[in-house]
Participant: 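Before I ask anything, let me first share the structure, which is written out below as structure tokens.
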Amino acid sequence: MKKIVSAMLVLLLLTVSGTAALAAPSTAPSKTQSAVLSKYLTAVETGNQKLLKSILHPSIKIQSTTFDAMNNIKSFIDEYDGFIKHVDLKIVKSGSPDKKLGQAFKLSGYLLSASPEIFTLSNYSVTVYLLNDKGNPKFVTEKSPKNVPIEDLDAVPDKTWAKVEKLLTDKYGEDYFERLAGETEAEEGESGLYYTAKELIGDALLEYEDLKFANGVFANSGSHFSQIVLSDTGATSVTFKFENTGTADLIVVASGSGEDEVKVKAKSTKTITFEADPADSHLFIIRFDKDYDTKNSSGKIAFKLSELKVYTE
């Protein structure tokens, strides 16, 4: 399992959260400092702005970029079933207290970022400053964050890897790694020439309605009439990643040489492949509709479609 190579998830993280593995008593934070650090880390891990404000030093104002980062984390968790956890975190005092910033603490360990389709384990470190306010430690700032994805997971200590496996299988199910391995094999097994959405749009072979397109991603934020139309591509198959970010269960329908459909529940993601007959697919249309046979039929339509590949002979 450790040989699965993870790709970097696009996240704006300040640092990570969790239970601190304390160093020797002489360099360990006090009980009250540990409590503040734990709340700070949990806030960052979950994108909880309210929790962060509750431990913020009164002399500090949170910048808009911090709110943006927290919102991105929360969106990743809410919209993509994302998961952020530290593993084997160590916290030690760093140097003497600074008059303006307070006591520095060096945090170091591993950062686990995951979704149902992929995970990343990184080496990370950050320095966090706590300054007393009326005798109580409060969060001031963090400096020198480092977050380096680990490409060779075999280099991770066995005890640490065991914790990573448990976190992921507890969150996404016992078959999480088997599903990842299956998707990797499927990708490796794909063959033939394929075209991307950007290439097809540039060649006037792909049109889309009631969708926004940017950086290879089609997005829908409420339209009931969006569709993607492929013309004269000679497609043998069409594959893409479909992220249902809305509250309604959806049906993705492909019409061309016959008709096929895939159901995608609210707040879930699937990699979808539709087969096509190049001799009988002058028009290949992908449509999106609510699944009216479920309890979520009154929910909102919203989705992202990415990594579109149109394979040809």
Side-chain angles (χ1 to χ4, degrees), residues 4-12 71-83 113-120 149 172 179-180 182-190 192-203 205-230 233 235-254 256 260-276 284-290 300-312:
I4 297 175
V5 178
S6 58
M8 183 61 182
L9 294 174
V10 181
L11 292 174
L12 295 174
N71 287 332
N72 285 340
I73 294 169
K74 194 171 187 309
S75 295
F76 169 66
I77 294 170
D78 293 344
E79 297 180 14
Y80 301 97
D81 195 16
F83 182 64
S113 305
S115 73
E117 292 77 31
I118 197 169
F119 74 92
T120 297
Y172 297 116
R179 285 187 279 113
L180 288 187
E183 290 178 6
T184 300
E185 291 173 0
E187 290 172 2
E188 291 175 350
E190 289 177 347
L193 177 66
Y194 70 82
Y195 296 93
T196 65
K198 184 177 180 180
E199 291 170 332
L200 292 168
I201 292 171
D203 292 339
L205 299 177
L206 185 155
E207 297 181 354
Y208 54 94
E209 299 178 14
D210 286 352
L211 292 166
K212 292 183 178 179
F213 179 77
N215 299 319
V217 179
F218 296 93
N220 179 316
S221 58
S223 173
H224 289 247
F225 305 103
S226 58
Q227 64 179 12
I228 294 174
V229 180
L230 303 172
T233 61
T236 57
S237 67
V238 179
T239 182
F240 51 85
K241 179 180 178 181
F242 187 83
E243 304 169 48
N244 185 353
T245 59
T247 54
D249 297 339
L250 299 179
I251 300 177
V252 183
V253 181
D260 197 5
E261 67 177 40
V262 174
K263 296 182 179 182
V264 185
K265 292 186 176 298
K267 304 297 182 182
S268 65
T269 302
K270 283 188 178 181
T271 298
I272 298 174
T273 299
F274 290 122
E275 302 298 329
F284 192 91
I285 304 173
I286 304 171
R287 295 179 288 106
F288 315 92
D289 199 1
K290 289 185 179 182
K300 178 184 176 181
I301 291 180
F303 62 81
K304 294 180 180 180
L305 189 156
S306 60
E307 302 174 23
L308 177 72
K309 295 178 181 179
V310 176
Y311 286 85
T312 62

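For the single chain, residues carry numbers from 1 onward in sequence order.
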Participant: What do the steps show when you test V252 against L305 for side chain to side chain contact (heavy atoms under 4.5 Å, CB included), and what is the final call?
Facilitator: CA-CA 11 Å; V252 183; L305 189 156; 5.9 Å; no
Participant: Check step by step if side chain to side chain contact (heavy atoms under 4.5 Å, CB included) holds for L211 and I228.
Facilitator: CA-CA 9 Å; L211 292 166; I228 294 174; 3.8 Å; yes
Participant: Minimum heavy-atom separation for S306 to V217, with atom names?
Facilitator: CB-CG2, 3.9 Å
Participant: Is a side-chain donor or acceptor of Y172 paired with a backbone partner of A114 at a separation under 3.5 angstrom?
Facilitator: yes
Participant: Could you grab the distance from atom CZ of R287 to atom CD of E261, nearest 0.5 Å is fine?
Facilitator: 9.5 Å
Participant: Can you confirm whether E207 is buried at CD, in the sense that more than 12 heavy atoms of other residues, nucleotides or ligands lie under 6.0 Å from that atom?
Facilitator: no
Participant: Distance from F83 atom CZ to F76 atom CZ, nearest 0.5 Å?
Facilitator: 10.0 Å
Participant: Does I77 have any side chain to side chain contact (heavy atoms under 4.5 Å, CB included) partners at least two apart in sequence or in another chain, and if so, which?
Facilitator: I73
Participant: For the OG1 atom of T271 and the CD atom of E117, what is their distance to the nearest 0.5 Å?
Facilitator: 6.5 Å
Participant: With heavy-atom distances below 4.5 Å as the criterion, would you say the side chains of F284 and V238 are in contact?
Facilitator: yes
Participant: Do K265 and N244 come close enough that some side-chain heavy atom pair is under 4.5 Å?
Facilitator: no
Participant: Looking at T273 and T239, would you say the former's side chain and the latter's main chain have a donor-acceptor pair under 3.5 Å?
Facilitator: no
Participant: Keeping K241 on the side-chain end and K304 on the backbone end, is there a donor-acceptor pair under 3.5 Å?
Facilitator: no
Participant: Minimum heavy-atom separation for S226 to D210, with atom names?
Facilitator: CB-O, 3.4 Å
Participant: Going by heavy atoms in the side chains, are I301 and F288 under 4.5 Å from each other?
Facilitator: no
Participant: Could you walk me through whether I272 and V264 satisfy the side chain to side chain contact (heavy atoms under 4.5 Å, CB included) test, starting with their C-alpha distance in whole Å, then the side-chain angles of each, then the deciding distance to 0.1 Å, before giving a yes or no?
Facilitator: CA-CA 10 Å; I272 298 174; V264 185; 4.1 Å; yes
Participant: Under the rule for salt bridge (charged side-chain N to carboxylate O under 4.0 Å, His left out), what residues qualify as partners of K74, not counting sequence neighbours?
Facilitator: D78
Participant: Do I201 and F213 come within less than 4.5 Å of each other through their side chains, counting heavy atoms only?
Facilitator: yes
Participant: Can you measure from OG (S223) to CD (E209) and round to the nearest 0.5 angstrom?
Facilitator: 9.0 Å
Participant: To the nearest 0.5 Å, tell me how far I286 CD1 sits from F242 CZ.
Facilitator: 10.0 Å
Participant: One pair to check against side chain to side chain contact (heavy atoms under 4.5 Å, CB included): F240 and F274. What are the steps and the verdict?
Facilitator: CA-CA 9 Å; F240 51 85; F274 290 122; 3.8 Å; yes
Participant: At their closest point, which heavy atom of L180 faces which heavy atom of P116, and how far apart are they?
Facilitator: CD2-O, 4.2 Å
Participant: Taking all non-hydrogen atoms of both residues, which atom of T120 and which atom of P149 are closest, and how far apart?
Facilitator: CG2-CB, 4.0 Å
Participant: Is L308 close to F218 at the side-chain level, that is, under 4.5 Å between some pair of heavy atoms?
Facilitator: yes
Participant: How far apart are the closest heavy atoms of A266 and D249, and which atoms are they?
Facilitator: N-OD1, 2.9 Å
Participant: Is the shortest heavy-atom distance from the side chain of E275 to the side chain of D260 under 4.5 Å?
Facilitator: no
Participant: Is the closest side-chain heavy-atom distance between K290 and H224 below 4.5 Å?
Facilitator: yes
Participant: Going from CG on L206 to CD on E199, what distance comes out if it is rounded to the nearest 0.5 angstrom?
Facilitator: 11.5 Å
